[in-house]
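Only one structure is covered here, and it is reproduced in the block below.
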Amino acid sequence: MTVILPGATLGVMGGGQLGRMFVHAAQRLGYFTAVLDPDPASPAGWVSHYHIQTPYLDEQGLAQLMQRSAAITTEFENVPAPALVTLGAHRPVAPGAAAVAIAQDRGREKAHFTRCGVPCAPYALVETAQHLAAVGEQLLPGVLKTARLGYDGKGQQRVKNRQELQAAWDELGRVPCVLEKLLPLAAECSVLVARGRDGQMVHLPAQLNRHRGGILAVSEIYPESLPAAQSRHAIAAAKAIAEGLDYVGVLCIEFFVLADGSLVVNEMAPRPHNSGHYSVDACDISQFELQVRALAGLPLVMPRQHSPAIMLNLLGDLWFAQGDAERAPAWDRVLALPGAHLHLYGKLSARRGRKMGHLTITGPSVDTVRATALKAAELLGMGPF
Ligand code: ADP
Ligand code: MG
């Protein structure tokens, strides 16, 4: 493939916040952008040069996207794989349909991790009543997760015993699931790698992640946030997983950290990831620019983190801190904090659990960043972390 130079148009399947930040990065480099998303008010649609408002499998919509775009990426992993196959027949598409299809299915994803020699939590596929009856005691207590379409803790239930397992499977609609053993987590971390068509790989520094209610709440990224050996291990495992997929583009791998410091892979996202948002303000190349570079066949240069960083996710709940009426947080007070970088995604209404934006705090030292982030969390009514 020849390099697609600035001035060309890059296409994106999906118009959410990840698409929006991809569009920002592409436009900064001088590309034009085209977004396909049925929602007329999508975060990426607002800021893209072209917005094609059709369903993801609409033939005319896909044809328009191809006509506009020199290469196409995806910003959400549940983009229908057949749409990527159609696009891939005519244009460079990264990540490719095969890798996205594996990431869309927790069962195939875990099989891939195992193939790459990266351990995941003990698990069993639950696709039939027979599978459910055959589940071994050693997987309980566990977490039953739908194989497809789960995100932000949705589509999963914790189960203590067989009765709860049966009830959970019924409640999830008896769709194909994966039962995972519930592991005692000491922490969670993730790492982003980018791989080019030539197989070259670079990575961002690994991040420590804190979840609340199954949704990412806080990421901390500085040398002390994760032991060096853990970071190295996470990066090596993520590279092995990307290599095994013959992956092109940005890939995020999430890990559980156990009490003894060992890592267990949780899941992967075939795209930039919420936990990598810090890279926009704290690194000289962001995860979104890496995605642009990988898609366009431009050189992948190892990013350098120039400031310690803490990212706070801004969920819709913060808009309801004062009761039932929707009211935006006091941005003027938050923006008075030195090193506060506010990113709002342009969503027209807030809902509890909806990702409305994020706030990255950078500063000259870890202590300053922590103190400022705690202050910001207090101003936002987020509670300490
Ligand atoms: P999602 O696709 O919704 O992000 P995850 O599988 O990442 O789903 O689960 C969300 C969160 O739930 C994880 O980040 C972790 O905090 C917790 N969790 C999930 N599986 C397990 C497990 N097997 N053991 C312990 N905690 C888990
Ligand atoms: Mg997750």
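Whatever order the structure lists ligands and atoms in, that order sets their numbers, starting from 1. Sequence positions, counted from 1, serve as the residue numbers for this chain. Bear in mind that the values here come from a model prediction, so they are computed numbers and not experimental data.
Residues Leu10 and Phe22 are in side-chain contact: their nearest non-hydrogen atoms beyond the backbone lie under 4.5 Å apart. For the pair Arg271/Glu75, no side-chain contact is recorded, criterion being any heavy-atom separation below 4.5 Å from C-beta on.
A donor-acceptor pair under 3.5 Å is absent between the side-chain atoms of Arg91 and the main chain of Ala71, judged by distance alone. Proximity of a side-chain donor or acceptor of Thr86 to a complementary backbone N or O of Pro82 within less than 3.5 Å is detected. Asn313 places no side-chain N or O within donor-acceptor distance of the main-chain N or O of Leu315, the cut-off being under 3.5 Å. Panel note: side chain Gln200, backbone Leu300; a donor-acceptor pair is recorded below 3.5 Å. Checking side-chain atoms of Glu188 against main-chain N and O of Asn266 turns up no donor-acceptor pair under 3.5 Å.
Remark: Lys110 engages Glu180 in a salt bridge, criterion side-chain N to carboxylate O under 4.0 Å. At a threshold of 4.0 Å, the pair Glu164-Arg158 does not count as salt-bridged, since none of the basic side-chain nitrogens sits closer than that to a carboxylate oxygen.
When non-hydrogen atoms are compared, ligand 1 lies under 4.0 Å from the side chain of Arg158 (C-beta onward) but not from its backbone. Proximity of Asn209 to ligand 1, defined as any heavy-atom pair under 4.0 Å, is not found for any part of the residue.
Nearest protein neighbour of atom 21 (C) of ligand 1, counting heavy atoms only, is Phe256 CZ, 3.5 Å. In this structure, atom 3 (O) of ligand 1 lies nearest to the protein heavy atom Gly153 N, 2.5 Å. Atom 11 (C) of ligand 1 has Gly214 CA, 4.3 Å as its closest protein atom, hydrogens excluded (heavy atom only). Distance from atom 26 (N) of ligand 1 to its nearest protein heavy atom, with residue and atom name: Leu185 CD1, 3.6 Å. Remark: minimum distance from atom 1 (P) of ligand 1 to any protein heavy atom is reached at Glu267 OE2, 3.4 Å. The nearest protein atom to atom 25 (C) of ligand 1, hydrogens excluded, is given as Leu183 O, 3.3 Å; this is a heavy-atom distance. Residue, atom and distance of the protein heavy atom nearest to atom 19 (C) of ligand 1 are Lys145 NZ, 3.3 Å.
With Gln156, Glu180, Lys181 as candidates, the residue nearest to atom 8 (O) of ligand 1 on a non-hydrogen basis is Gln156. Considering only non-hydrogen atoms, atom 16 (O) of ligand 1 lies nearest to Glu188 out of Arg106, Lys154, Glu188.
Taking the six-membered ring where the residue is Trp, His343 and His358 present parallel rings, their angle staying beneath 30° rather than reaching 60°.
Looking only at its N/O/S atoms, Glu267 has OE2 as the one nearest to the Mg ion (ligand 2).
In summary, the atoms of ligand 1 found under 4.0 Å from a heavy atom of His211, numbered by their order in the structure, are 14 (O). When each atom of ligand 1 is checked for a heavy atom of Tyr151 under 4.0 Å away, the hits are 2 (O), 3 (O). Atoms of ligand 1 found under 4.0 Å from any heavy atom of Leu182 (numbered from 1 in listed order, with element): 24 (N), 25 (C). Taking every non-hydrogen atom of Gly150 and a distance limit under 4.0 Å, the qualifying atoms of ligand 1 come out as 2 (O).
Geometrically, ligand 1 and Glu254 share no nitrogen or oxygen pair separated by less than 3.5 Å.
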Checklist line | ring-ring contact (aromatic ring centres under 6.0 Å, His included) evaluation trace for Tyr56 with Phe76 | finding: CA-CA 12 Å; Tyr56 295 112; Phe76 73 121; 5.0 Å; yes
